[in-house]
Structures are given as structure tokens and as C-alpha cells.
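The next block holds one structure in the form of C-alpha cells; read it before the comments.
Because the structure is predicted, anything quoted here is derived from the model rather than measured. Quick note: numbers below take in every heavy atom, side chains included, and nothing from hydrogens, waters or symmetry partners. Per chain, numbering begins at 1; letters A, B, ... match sequence-line order.
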Amino acid sequence: MSKKVRVRFAPSPTGGLHLGGVRTVLYNYLFAKQQGGDFIVRIEDTDQSRYVAGAEEYIFETLKWCGLQPDESTQHGGDFGPYRQSERKESYRKYAEDLVEKGFAYYAFDTGEELDAMRSRLRTADNPSPQYDRTVRMDMRNSLLLPKEEVDSLLQQDTPHVIRIKMPEGETVSFTDVIRGEVSFDTSVIDDKVLLKADGMPTYHLAVVVDDYLMQITHAFRGEEWLPSAPVHILLWRYLFGEEAMPQWAHLPLILGPSGKLSKRDGAKYGFPVFGMNWKDPKTGEVTEGFKEAGFVPEAFVNMLAMLGWNDGTEEEVFSLEELVQKFSIEKVHKGGAKFDFDKAKWFNHEWIKKLPPTNYKLQVKNIFAAKGVEIMDDVYFEKVLELVKDRCTLLPDFWEHSFFFFKAPKEVDFTPVLAKWNVSKKDFFYSFNKTLHSINDWKASSLETLFKQLAESAGIKAGELQLPMRLMLVGGKFGPPVFEIAEVLGKAETITRIESALEQAP
RNA sequence: GGCCCGUUCGUCUAAGGGUUAGGACACCACCCUUUCACGGUGGUGAUACGAGUUCGAAUCUCGUACGGGCUACCA
């Protein structure tokens with residue numbers, strides 16, 4: 001019988017959640033939901049120096065906006081808590097000490113200065129970053145070479161120390177990555193990673209293994225940047241719990257910016273968001289724009305992310321979250337990194353704006369309008385407007401330029417575009433057209449257009465030449481949806497008023 | 001430097017030994033539209049290079065080049 005699928009996303013609360021992070025969540029989520037499993041969010045806050053206030057809450061808000069709700073987390077509870085590693089601190093030491101006892105790890109008392117000295121002594125052009133490994137460990141201060149009594153006494157006196165893994169020499173550690181297949185490493189070139197820090201906190205390496213075990217994680221998906229440390233984790237599994245219990249690994253390809261790994265800087269430099277939602281650094285006050293605030297709908301954001309490194313093998317590209325859950329397969333995730341393309345992202349958003357009913361995003365558009373000084377009072381009218389112009393909008397703020405005139409009558413009508421062909425008979429046409437409008441009961445674009453054309457014909461004027469003036473009167477410029485549809489949405493009274501006031505200004 | 005991973009149009013990708021190497025974004029042209037868009041049709045454009053295996057290679061193998069990641073008491 002196979003175990004219930006359990007996956008986790010394990011972010012550090014150090015700042016905003018960028019594209020790559022959200023995609024990692026997404027792939028975890030899709031896999032879990034498809035397998036009927038659980039999606040867990042575990043907060044990896046073992047580095048107190050990097051902790052940033054508000055970052056944890058921010059992560060959950062972003063996930064909520066994306067519609068990727070965890071089954072278990074610091075916010076959602078669960079049977080495997082606590083879900084914050086700092087609150088699990090006490091559970092890690094015993095595993096580290098167990099490793100020391102078995103001879104797989106050792107105490108190291110080297111100070112920061114001693115480590116620096118070792119590194120600068122060994123640093124050469126050919127070896128720019130010397131490691132604490134089998135070649136140097138017997139020259140350092142650790143329990144491998146110190147007499148047992150001295151080690152005991154150092155420990156007794158609470159001498160600051162760490163516990164390091166003792167990397168075996170000449171072993172090949174290999175495993176099968178779900179995405180990459182067989183990957184192997186020679187342990188001789190891997191350093192003796194710190195497992196337990198001087199402050200008693202575990203490093204990522206120890207914590208991830210212990211918690212994945214304790215939380216019964218079955219599949220571990222993470223970014224490709226973790227691939228080089230995978231052998232450390234595999235060895236820890238082997239020493240501590242046995243490899244049979246180890247989760248299946250999948251190292252996801254990176255999302256690249258225009259030059260290398262996508263960074264916050266790229267966003268500022270190239271003018272696109274890299275975070276899910278706006279993130280304000282509490283220390284500097286610096287705000288980094290998010291996709292939400294840039295005017296993306298979550299459906300598009302998630303869809304776009306899913307397709308960055310995966311596709312279902314067909315030519316379909318637009319998928320809802322539900323469809324993704326159904327079609328996703330981790331094996332089809334690509335090996336190579338994908339460069340983020342903002343134009344393509346916008347295209348997804350455009351598709352989703354067209355597809356979604358305006359009720360999904362009207363609140364956000366309302367806020368955009370409010371910021372421009374237009375308060376929306378009539379929701380029914382508002383939705384009608386959004387429905388009419390949504391095909392022309394790529395990002396939510398575009399609604400403003402495509403529909404502000406439904407809420408603000410033009411003060412001055414610029415007749416310049418039609419001046420050359422303007423004459424008294426055309427002006428007369430609009431007077432009589434406007435008069436006829438009063439008696440219309442069937443206020444529909446199609447009937448308005450029919451009436452308009454009939455009247456134009458009997459006045460002996462080409463209807464086409466009257467359409468632009470009509471548009472100018474209703475919206476104030478050369479823009480907007482088809483003119484009679486504007487009139488329909490505007491309503492009888494407002495249409496008549498706008499034509500009247502425009503005629504007063506007409507030459 | 002060492003280790004690991006990767007490489008199909010500018011970008012995201014399809015094609016798992018036999019296709020005129022397909023689609024999408026972007027770009028260009030035309031059409032639709034007496035506004036601005038949307039939309040429609042078409043076009044430009046790719047298997048990094050070199051060997052090998054094979055009747056046949058984008059696809060398998062090796063090498064080279066290039067790109068990326070890691071190399072902290074950060075994750």
C-alpha cells in the first residue's frame with residue numbers, strides 16, 4: 001500500500017516571494033491535489049539574522065491571492081506541527097548528536113577567525129574558495145583529533161561549537177531525480193557541512209531532513225540551486241532514518257531573468273514585477289512591485305507560471321487551476337531553465353480578463369478608479385462597462401483609459417478631427433437626431449444604429465461621416481468601443497445630455 | 001578553480017530514430033473597423049559545434065563550446 005502523498009513548500013521568511021518561489025508552490029500544490037495528497041507550508045526560519053518581520057504573513061497572503069491554500073501550515077494548523085522550525089529547535093540536537101555517536105559527524109570548535117585564517121591560507125587562484133573538508137579537518141579544532149577528555153571538557157564549559165557531517169571519502173552518492181533521472185556525486189569533493197550551528201539551531205541541511213522525516217513528506221520539490229547539496233541530504237537520510245523512507249526528489253529548473261537567475265533587481269531594471277504581491281521592506285521602506293498590483297488576475301499569474309517550464313504536450317496554453325491539477329505531471333517538467341518573458345505574461349492576463357466575468361476583478365478596478373478620483377456608485381452600470389471594454393484590456397489599470405469616459409462626461413469636445421467636413425446640415429442632423437432620441441423606448445445599440453442610419457439617409461448625409469462626430473460628442477475623443485454600444489450603456493438620459501451639451505460647443 | 005545541471009525560432013515550448021521540425025508570445029504585412037483596440041489571415045525565424053552508432057539522428061553515445069547553479073555557523 002502506498003503512503004498518502006505529502007509535499008511541502010519550505011520558504012525562509014526573508015522577504016518577498018518571487019516568481020520562482022510561487023512556481024515551486026504551484027508545482028507542489030498541483031501534484032498534491034492531483035494525487036489526493038496534502039500540501040504543507042513549513043517556515044524555515046533557522047537563520048535569525050535573516051529574519052524579516054512580516055515576511056511570513058506576506059507569504060501566506062500571496063498564496064491566498066493565488067488560490068494555493070495549504071492543508072497544513074503555521075496558519076492552518078495540522079497534526080505535524082509546529083510548522084515553524086524555530087519552534088522545533090529542541091528536536092534537532094539529538095539527531096545531530098546521534099550522528100556524532102555513530103561516527104558520521106563531529107564537534108568543531110573553530111572560531112570564525114580560525115575559519116577565516118584557514119580559508120585565506122589555502123586560497124589560491126586555482127582554489128578560490130577552500131572548503132572545510134577531509135583535506136583540512138585534521139588541521140582544525142574538532143573532536144576528530146582532540147583527545148576525548150578535552151572535547152568533553154570543552155563541551156562541559158559550553159564552548160561555542162558546531163556539529164559537522166564527516167563526509168566519507170571516495171563514495172559515490174546517487175539518486176533518481178524525478179525530473180532529471182540519475183544524478184550522482186563523489187563525496188570526496190564535498191565539504192563537511194555544518195549541521196547544527198553554535199546557537200543550537202540546525203542548518204537547512206539537518207532541518208530539512210529531520211522535518212521531512214517527521215512530517216512524513218513523500219515528495220520533495222525544490223529549486224535546482226539545491227541540487228549540489230542533495231548528496232548531503234541523502235547521506236543524512238541514510239545515517240538517520242534509512243533511504244527507504246526518503247522522499248522522492250525533484251529539482252525544478254530555475255526561472256531566469258534577462259541575464260541569469262531572476263532577481264529583484266531585474267524587475268526594477270527591466271520594468272516588470274518579480275514578486276507575487278507588493279513587498280515593502282520594513283527596514284528600508286523600499287517597495288517592490290507585485291504582479292497583483294501591476295494589474296494581473298491570479299488566474300493568469302498562476303497559468304503563466306505553470307507554463308514556464310512545463311506543458312501538457314498539446315498546443316493548449318490557457319488552463320484554469322482546476323485544469324492544471326488534472327493535467328499536471330511532474331515528469332514533464334523541463335530540465336532546462338526558462339527565461340521569464342513579460343510580454344507573454346501579459347498575453348496570459350489578457351486572455352484571462354477576456355475569459356473571466358468582471359465580478360472577479362471589479363473590486364480591484366474600482367480601487368484603480370478611486371485612485372483616479374472616480375468613485376463607483378452603481379455596480380450594475382460598472383459591470384456593464386467592464387464587460388463592454390474588457391477585450392481591450394491587458395492589465396487591470398488599462399480599464400481606466402478604455403472606460404473613464406463612462407464616468408466622466410467630456411467637458412470640452414474637440415471637434416478638430418471632423419472640422420474639415422463639418423457643416424450646418426450635419427449640426428442640424430444632430431439636433432433632430434437628439435430630438436428623436438427622446439421618443440425611443442427600445443434603447444439598444446442595434447436600434448439606435450438603425451435609427452441613426454435612417455435619419456442620415458433622409459438628410460442626405462453619409463452615415464459614416466456622422467459616426468465620428470457622434471463619438472466625439474459622447475466620449476470627447478477618438479477612442480472607445482463602437483459608438484452605439486457606448487450610447488446603449490450610457491443610457492438614454494446621459495446620451496441625450498452629452499449630445500446637447502456638445503452641440504452647444506459645436507462650431 | 002572544483003563539482004553539478006542544462007542547451008530546438010529573439011522568448012516559452014511540441015516532436016521520445018523516419019514530420020516540408022508544429023504551436024504560442026514578440027515582430028512585420030494584409031484584412032476587418034469611417035475612433036482606438038480586439039480579432040482574422042499570412043510572413044520572417046530554431047535543432048550550439050564536431051565525431052560516432054544507424055538504412056535513417058533534434059531525438060542514442062562521446063567530445064568541445066556556451067549558459068546556469070553551488071562552492072557560508074544563508075536558505
Whether A:N127 contacts B:G1 is assessed here as follows: a side-chain N or O lying under 4.0 Å from the phosphate OP1 or OP2. Is that the case? no
Contacts of A:D212 meeting salt bridge (charged side-chain N to carboxylate O under 4.0 Å, His left out) (sequence neighbours excluded), chain-then-number -> A:R8, A:R42
B:G50 and B:A65: how far apart are their C1' atoms, nearest whole angstrom? 10 Å
Side chain to side chain donor-acceptor pair (under 3.5 Å): which pairs involve residues 227-238 of chain A, sequence neighbours left out? A:E171-A:R238, A:H205-A:H233, A:R222-A:H233, A:R238-A:E243
Is there a side-chain polar atom (N or O) of A:H334 under 4.0 Å from OP1 or OP2 of B:U13? yes
With a 4.0 Å cut-off, would you call A:R93 and A:E90 a salt bridge? no
Tell me the side chain to side chain donor-acceptor pair (under 3.5 Å) pairs involving residues 121-130 of chain A, sequence neighbours left out? none
Integer angstrom distance from the P of B:G16 to that of B:A29: 37 Å
If the C1' atom of B:C49 is compared with that of B:A14, how far apart are they to the nearest Å? 24 Å
Return the set of residues passing side-chain contact (heavy atoms from CB on, under 4.5 Å) with A:K462 (not counting sequence neighbours), or none when no residue passes. A:E465
Sugar-phosphate, base or nothing in reach of A:P417, heavy atoms under 4.0 Å: nothing
Spacing of the C1' atoms in B:G1 and B:A58 (rounded, Å): 34 Å
Under the rule for side-chain contact (heavy atoms from CB on, under 4.5 Å), what residues qualify as partners of A:D341, not counting sequence neighbours? A:D343, A:K344
Side chain of A:V189 only, heavy atoms from C-beta on: which candidate in B:U34, B:C12, B:C3 is closest? B:C3
C1' gap between B:U13 and B:G6, integer Å: 16 Å
Under a 4.0 Å heavy-atom criterion, the protein footprint on nucleotides 69-75 of chain B, written with B, S and -, is BSBSBBB
Taking only the P atom of each, what is the distance from B:U8 to B:C32 in whole angstrom? 40 Å
Where the side chain of A:V183 is concerned, which of B:C36, B:C4, B:U11 is the nearest nucleotide? B:C4
